[in-house]
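Read the numbers this way: they start at 1 and go in the same order the structure lists the ligands and their atoms. This is a predicted model, so every value here is computed, not measured.
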Amino acid sequence: KSLNKQFYPHYHLAPYAGWLNDPNGLIYHDGLYHAFYQHHPFSSLWGPMHWGHATSEDMIHWQHQPIALAPGDEYDKDGCFSGSAVSHEGKLYLFYTGHIWLNGANDDSAIHQTQCVAISDDGIHFEKKGVVIPSPEGFMHFRDPKVWFQDGKWWMVVGARDALDQGQILLFSTTDLLNWNDEYQTLAKTEDKNVYMWECPDFFPLGNHFITLFSPQGKKSQDYQFRNLYQNGYLVGQWAPDQPYEITHQFSELDFGQDFYAPQTFLAKDGRRIAMAWMDMWESHMPSQEHGWSGCFTLPRELVLNDQGKIIANPIEELKTLRQDEKIIPSTILIKNTDILINENATCCELELVWDLQNSSAEKFGFWIGNGIQFYIDNQNQKLTLSRHYPKYIISDSRSTELPKTKQLKIRAFIDKSSLEVFINDGEQTFSCRIYPQDSDYTLKLFAINQSAKLDNGTFWNLERAIS
Ligand code: DQQ
């Protein structure tokens, strides 16, 4: 049976069919990029987790590969949960969490999790080698290993939930990848009593700091911050092997949109630090489930750290190769309550806009996609807002951040059938969310409400389809 592709992306990795959640095992190995993902191949709902697999030469054009890991051994009978990959002496190693529910129960308190490894000679077929780190005493949850090599050792961070329901990250090490030391250090732990788990930790150098990237569960929203069911974000600090992690910058969200979770990073072949995330959120409405698939990755984003300890995230340069049909949008003043048509069918495209903030007094101005999406500068409240309204799919929400205090505001937006990613002022803020235009209305317009807004310049491109 072929998939209904109404919402299927043209340049984002999505499952060939079935369910996808977290990116796993992102790596450049033996001349190819590999992306694995949490996958349920038998339906578009979450179920016993497998690792789906795809490969690419450029992180844009993806080729599906056979499923890499399937649950079924004693230690992973209820799921091969999230993890990471390393390349060593020509072999590809996958570290993942063996998930089982004790006593046949299927609830949080009966979870038993261990860290496991599987190895491949050809990068496609994997042989499971079993548990490398058993569940340590005093933890209810213990999952999502991220492994890297540094200073003569292999290191692994794992997310954990302690007996007091607090999230933390444990750090393990080994010299040979297979025999891990059971003794661990607590690398970082939550100071927020509501946060009961830190999922999908990643730990990596950026600039001259070490970033701890993770997805906390339980954080309460504060005004317009942390509004998703679960969050994503990072700490910045200093670290050296066998030293404590010294945090220099407290938790910040990495993306401000509705659908961004469990990001993982890896190094591109030229050393750029790239991140991809699951572009959905637990308990989101996922209209494509009725079409036999669900979930996709964000675009690969290059991360750098600025002088203020903020991560700057921009779409990888390679994406520019997809640009076609360039249309320059000349400098314009949108007078009050008018709109300007940019494209009637903006299904697979990129838009760049430079607004003159000093000479724009409109209450709100920005762009619309059909009737369902507005991305705008909210002058009155000094915010940037992404709002969605799809009554047919019971989706209606908005997310905001502070409006940067710059003279101009540069917006770069990527639309791909059922997704929108917006990059502000060269990656200082990003918004990612899924979009589901009703009646396939993808009309892209600029608008200004009350008073005028000045656009300094803009460009629109259709993007070539990398995935059909
Ligand atoms: N999803 C996986 C877990 C991880 C969670 C299970 C995050 O390993 O903690 O699918 O979305």
Side-chain angles (χ1 to χ4, degrees), residues 15 18-26 35-53 67-71 75-85 94-101 106-108 110-118 131 133 135 139-147 156-162 165 167-170 190 195-203 212-219 228-233 254-255 258-265 275-284 286 294-298 432:
W19 163 277
L20 167 150
N21 59 292
D22 317 341
N24 294 156
L26 307 177
F36 300 85
Y37 52 89
Q38 289 285 280
H39 181 39
H40 187 224
F42 305 113
S43 86
S44 51
L45 305 177
W46 191 85
M49 283 291 105
H50 294 57
W51 277 39
H53 185 195
I67 287 174
L69 296 175
Y75 50 88
D76 66 10
K77 71 179 173 57
D78 296 316
C80 299
F81 273 19
S82 286
S84 57
L94 303 183
F95 289 92
Y96 69 98
T97 298
H99 171 79
I100 59 178
W101 272 298
N106 175 342
D107 69 61
D108 258 20
I111 285 178
H112 183 76
Q113 298 176 323
T114 53
Q115 309 322 320
C116 308
V117 69
V131 175
I133 306 183
S135 189
F139 291 93
M140 306 203 285
H141 296 194
F142 175 56
R143 61 175 173 268
D144 311 336
K146 176 79 195 284
V147 179
M156 179 195 287
V157 284
V158 187
R161 174 175 184 169
D162 69 17
D165 270 341
Q168 36 181 292
I169 297 176
L170 311 183
T190 182
V195 173
Y196 54 84
M197 177 66 188
W198 282 5
E199 294 194 307
C200 300
D202 196 346
F203 191 62
T212 311
L213 179 65
F214 57 104
S215 296
Q217 295 183 310
K219 205 168 175 57
N228 290 325
L229 177 63
Y230 302 128
Q231 289 77 34
N232 67 89
L254 182 58
D255 185 281
Q258 287 86 334
D259 296 303
F260 187 93
Y261 198 66
Q264 185 177 94
T265 74
M276 293 200 268
W278 175 35
M279 195 159 29
D280 256 315
M281 177 51 62
W282 294 109
E283 297 186 14
S284 303
M286 301 176 184
S294 58
C296 69
F297 281 11
T298 60
S432 307

(message) Which label fits His50 and His40: parallel for a plane angle under 30°, tilted from 30 to 60°, or perpendicular past 60°?
(response) tilted
(message) Parallel, tilted or perpendicular: which one describes the rings of Trp51 and Phe36, with boundaries at 30° and 60°?
(response) tilted
(message) Counting only heavy atoms and a distance below 4.0 Å, can you name the residues contacting ligand 1?
(response) Asn21, Asp22, Gln38, Trp46, Met49, Phe81, Ser82, Arg143, Asp144, Glu199, Cys200, Tyr261, Trp282
Okay, side chain of [X], backbone of [Y]: is any donor-acceptor separation there less than 3.5 Å?
X: Gln168; Y: Val158; result: no
X: Thr298; Y: Ala277; result: yes
X: Gln38; Y: Asn24; result: no

(request) Specify the closest pair of heavy atoms between Tyr261 and Asp280, including all atoms of both residues, with the distance to one decimal. (result)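 Result for this residue pair: CB-O, 3.9 Å.
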